[in-house]
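The structure appears right after this line, and notes come after that.
Quick caveat: nothing in here was measured; it's all calculated off a predicted structure.
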Amino acid sequence: MSEVRQLELNDAQEWIKRFYGERGWTDYGPFIRVGFLMEEAGEVARVVRTYEIGRGRPDEADQPKAELRRELVGEIGDVLGNLALLAGLYGITLEEAFDAHRQKLLKRFEE
């Protein structure tokens, strides 16, 4: 099994672009990509709900918290992947987006 290293934000964004591109998944424009992003965000919401209050459905078995956490990690990763691709469609790096977010918050909440 190959060793997997942690990636910096921009490295991760490039990896996602390459991996998705090799499979033809980067051929979608921004409207379709936003749709995928929203779908994945909905899956995050579903897992959070299940983790916090359950589903209350007799046709679904309860899942252990550890399994739900693993599922949440994966779904958040799916959101990040789609967000990285969407940002890339506009020439925005994840580091640039995070830095802009950080600067906005620091300015807004200056003491």
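- You'll find the side chain of Val44 reaches within 4.5 Å of the side chain of Leu72, heavy atoms only.
- To the nearest 0.5 angstrom, Ile16 atom CD1 is 12.0 Å from Thr26 atom OG1.
- Note on Trp25 and Leu86: separate hydrophobic clusters, where clusters join Ile, Leu, Val, Met, Phe, Trp and Tyr whose side-chain heavy atoms are under 4.5 Å apart, directly or indirectly.
- Annotation: side chain of Arg108 is in contact with side chain of Lys104 (closest heavy-atom distance under 4.5 Å).
- Remark: Lys65 NZ is packed, more than 12 non-hydrogen atoms of other residues, nucleotides or ligands lying under 6.0 Å away.
- Listed by first then second residue, pairs satisfying ring pair (Phe, Tyr, Trp, His ring centres under 6.0 Å) with a partner in residues 33-74 read Tyr28-Phe36, not counting sequence neighbours.
- A salt bridge links Arg46 and Glu71; the closest N-O separation between the charged side-chain nitrogens and carboxylate oxygens is under 4.0 Å.
- The line from CG of Asp99 to OG1 of Thr93 is 9.0 Å long, rounded to the nearest 0.5 Å.
- Counting only residues at least two apart or on different chains, no ring pair (Phe, Tyr, Trp, His ring centres under 6.0 Å) pair has a member in residues 83-106.
- For the atom pair CD (Gln13) and CG (Leu85), the distance works out to 8.0 Å, reported to the nearest 0.5 Å.
- Residues Leu80 and Met38 are members of one and the same hydrophobic cluster, defined by side-chain heavy-atom contacts under 4.5 angstrom among Ile, Leu, Val, Met, Phe, Trp and Tyr.
- Not counting sequence neighbours, the partners of Arg57 by the salt bridge (Lys or Arg N to Asp or Glu O under 4.0 Å) test are Asp59, Glu60.
- The CD atom of Glu40 sits 12.0 Å away from the CG atom of Leu83 when rounded to the nearest 0.5 Å.
- The cluster map of Ile, Leu, Val, Met, Phe, Trp and Tyr, joined by side-chain heavy atoms under 4.5 Å apart, puts Val48 and Leu37 in the same cluster.
- Between the CG atom of Asn10 and the CD atom of Glu95 there is a distance of 3.5 Å, given to the nearest 0.5 Å.
- Taking hydrophobic clusters as Ile, Leu, Val, Met, Phe, Trp and Tyr residues chained together by side-chain heavy-atom distances below 4.5 Å, Val79 shares a cluster with Leu89.
- Within the model, atoms CZ of Arg49 and CG of Leu68 stand 12.5 Å from one another, a figure rounded to the nearest 0.5 Å.
- The number of heavy atoms from other shown groups lying within 6.0 Å of CZ (Arg69) does not exceed 12.
- Crowding of Asp62 atom CG: a count of heavy atoms from other residues, nucleotides or ligands under 6.0 Å not exceeding 12.
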